[in-house]
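This report refers to the structure that appears directly beneath it.
Heavy-atom basis, side chains included; hydrogens, waters and symmetry copies ignored. Whatever order the structure lists ligands and atoms in, that order sets their numbers, starting from 1.
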Amino acid sequence: MAKRRSAAWFGRQDIYGFIYRSWVKNRGVPQDQFDGRPVIGICNTWSELTPCNTHFRVLAEHVRYGVLEAGGFPLEFPVMSLGETLLRPTAMLYRNLASMDVEESIRGNPLDGVVLLMGCDKTTPSLIMGAASVDLPTIGVSGGPMLSGKYHGKDIGSGTNVWSMSEELRAGKLTLHEFHEAESCMHRSHGHCMTMGTASTMASMVEALGVGLPGNAAFPAVDARRNVLARMAGRRIVEMVNENLVLSKILTKEAFENAIRALSAIGGSTNAVIHLLAIARRVGVELTLDDFDRLGRGVHTLVDLMPSGEYLMEDFCYAGGLPAVLRELEDLLNKDALTANGKTMWENVKDAPCYNRKVITPFAKPFKENTGIAVLRGNLCPDGAIIKPSAATPQLMRHRGRAVVFENIEDFHRRIDDPKLDIDESCVMVLKNCGPKGYPGMAEVGNMPLPPKVLKKGITDMVRISDARMSGTAYGTVVLHISPEAAAGGALALVQNGDMIELDVSKRILRLDVSDQELKDRKARWTPPKPPLERGYWKLYHDHVLQAHEGADFDFLVGKSGAFVPRDNH
Ligand code: FES
């Protein structure tokens with residue numbers, strides 16, 4: 001048997017071996033735990049500031065049971081946790097920072113394998129990115145979605161109904177008392193958002209990539225099977241260490257292709273595009289924005305879940321969960337892609353049952369047809385922009401309209417409710433300076449609320465374009481991730497009120513109807529906006545963040561350094 005990585009710490013019989021072991025023994029660890037058995041890190045994002053992950057102490061205990069049962073030695077450790085709802089200016093600003101915490105915590109410690117506990121949106125990509133750059137045997141365990149929201153006898157979904165209810169409050173159709181009541185009814189158990197928002201999407205990506213066990217995406221957080229899954233992951237990671245099944249053997253190009261097809265089939269969050277690009281670049285898999293367009297073509301949305309549809313993650317679980325969806329993708333899957341349980345993707349899903357065809361439709365009779373994420377190009381977005389057709393209004397997918405420009409999010413908030421704002425439903429709302437550098441952190445503000453004067457007419461959607469992201473629980477004809485962003489000098493920075501903008505999703509075009517010479521003249525007069533903070537992490541972020549089409553990772557984090565530490569600690 002090859003010498004374990006942890007033996008460089010715990011296997012030493014000298015003063016340093018004494019130091020490494022003795023301090024760990026201070027909580028009652030017996031000597032036999034240092035006999036060369038696999039040391040398993042349980043990487044925990046528990047935090048009361050991340051409400052979606054507050055059950056992770058319990059989840060970690062179940063992983064611990066599994067590791068012990070399989071003969072491993074579990075050591076739990078915390079990493080920076082990113083709570084989507086509380087963290088300002090946006091959790092995405094800190095995704096790369098958290099990934100650095102994860103990477104260095106794994107590499108610097110005596111670990112042979114890692115279990116990643118992930119839940120709220122950014123806790124999934126940050127942990128996988130960090131772990132991918134170390135490349136030990138790694139298994140992902142998602143925290144699971146909350147139970148369905150229930151309000152006045154109806155299902156309500158995280159985020160999705162927040163948007164509609166806040167619009168109803170603004171339009172005077174909902175009282176403040178009802179609004180507060182809905183808050184209590186929407187999030188009534190442990191877990192992450194229970195729509196097919198970013199957290200559920202990323203949990204599905206963990207499963208579709210093969211990094212998690214089958215069933216990872218859908219078991220509710222409070223379902224006992226979630227704890228069983230955690231325990232099985234604890235058992236399995238010990239075997240993975242013995243098999244030297246490192247993360248890069250799972251995160252292959254084929255695995256990403258499966259994930260991208262699954263993303264379309266679940267009508268998943270546009271945020272997954274950025275995260276999958278960033279993860280792929282960590283392991284050296286060549287993945288581009290165009291792969292999303294190419295692989296998504298001809299894939300249908302099979303899952304009728306909010307925000308694209310009607311049901312919630314609890315229903316998805318009872319209908320069969322992601323394995324039932326992957327089975328429907330049979331001819332499109334890379335069937336031989338290896339997964340964490342040692343089986344191929346197809347071995348895992350080929351017999352997966354579906355118990356509710358309203359929630360998970362057959363591929364031959366899909367919920368929505370041809371709904372892969374579309375990648376747009378044109379003089380407004382030479383490096384790309386994306387739109388999620390399944391969340392958009394079909395009539396607006398081909399549209400030409402007059403630009404109404406907001407220079408930044410503060411400008412938008414200041415003017416959107418103004419009855420004198422020169423706007424109607426045929427206009428294109430343009431938001432600048434909300435990209436990676438511009439916000440900073442690429443906030444989820446791309447789905448701008450419509451102006452009240454338009455809402456009052458009963459209009460519910462308009463074309464909106466920006467360099468921002470959109471919450472996975474939001475919907476609308478919203479063009480996102482325009483690259484290069486305005487703050488980096490992209491053409492978006494040069495759009496003026498009254499310019500005509502053309503969107504044609506079927507032709508993959510987003511164009512500003514302004515001559516090249518005029519754009520050149522405007523660029524000559526353009527000055528970059530000053531970053532809001534010019535020290536500390538914000539400065540590091542501003543100086544090193546890549547654009548959306550490159551995954552918005554830091555330039556110096558792309559790739560991996562492996563598990564080797566070039567210096568001892570004495
Ligand atoms: Fe945590 Fe939605 S706020 S998953």
Side-chain angles (χ1 to χ4, degrees), residues 44-57 59 79-95 98 116-128 140-149 155-166 182-207 212 216-223 226 263 266-272 274-275 305-308 311-314 316-317 322 391 441-447 469-475:
N44 201 340
T45 47
W46 174 90
S47 167
E48 287 186 336
L49 295 171
T50 306
C52 306
N53 297 15
T54 47
H55 58 304
F56 277 24
R57 284 171 163 171
L59 206 61
V79 288
M80 183 181 195
S81 185
L82 307 176
E84 200 63 28
T85 50
L86 301 177
L87 201 50
R88 289 182 176 178
T90 166
M92 182 63 178
L93 176 64
Y94 306 104
R95 184 200 64 176
L116 307 175
L117 300 189
M118 315 170 283
C120 198
D121 296 10
K122 305 304 174 293
T123 57
T124 301
S126 59
L127 266 57
I128 299 180
V141 176
S142 298
M146 291 180 244
L147 296 175
S148 300
D155 280 3
I156 53 171
S158 307
T160 300
N161 285 100
V162 175
W163 309 117
S164 56
M165 283 175 162
S166 62
E183 289 168 11
S184 310
C185 297
M186 186 175 283
H187 300 123
R188 59 193 184 90
S189 82
H190 282 299
H192 59 68
C193 291
M194 76 321 253
T195 45
M196 189 49 86
T198 304
S200 299
T201 300
M202 290 311 295
S204 300
M205 294 298 94
V206 168
E207 191 171 334
N216 179 71
F219 292 133
V222 295
D223 191 310
R226 175 64 55 186
L263 177 65
I266 60 175
S269 163
T270 46
N271 284 323
I274 296 184
H275 300 322
L305 249 62
M306 292 185 203
S308 301
Y311 296 97
L312 293 166
M313 286 299 285
E314 203 181 329
F316 184 48
C317 173
L322 195 71
M442 214 183 169
E444 290 185 335
V445 294
N447 54 310
R469 294 178 301 121
M470 170 172 89
S471 163
T473 58
Y475 48 86

Main-chain N/O of [Y] paired with [X] side-chain donor or acceptor, under 3.5 Å:
X	Y	value
S269	N271	yes
R469	M442	yes
T123	L82	no

Q) Protein residues near ligand 1, heavy-atom distance below 4.0 Å? A) C52, E84, T85, C120, D121, H192, C193, A199

Q) Just one of N53, T124, T50 clears the side-chain hydrogen bond (donor to acceptor under 3.5 Å, both in side chains) bar with T45, so which one? A) N53

Q.
Are Y475 and S164 packed together at the side-chain level, in the sense that at least one heavy-atom pair is separated by less than 4.5 angstrom?
A.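 Side-chain contact under 4.5 Å: yes.
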
Q. Quick one: which of M202, E444, H192 gives a side chain to side chain contact (heavy atoms under 4.5 Å, CB included) with D121?
A.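 Going through the options one by one, the only one that passes is E444.
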
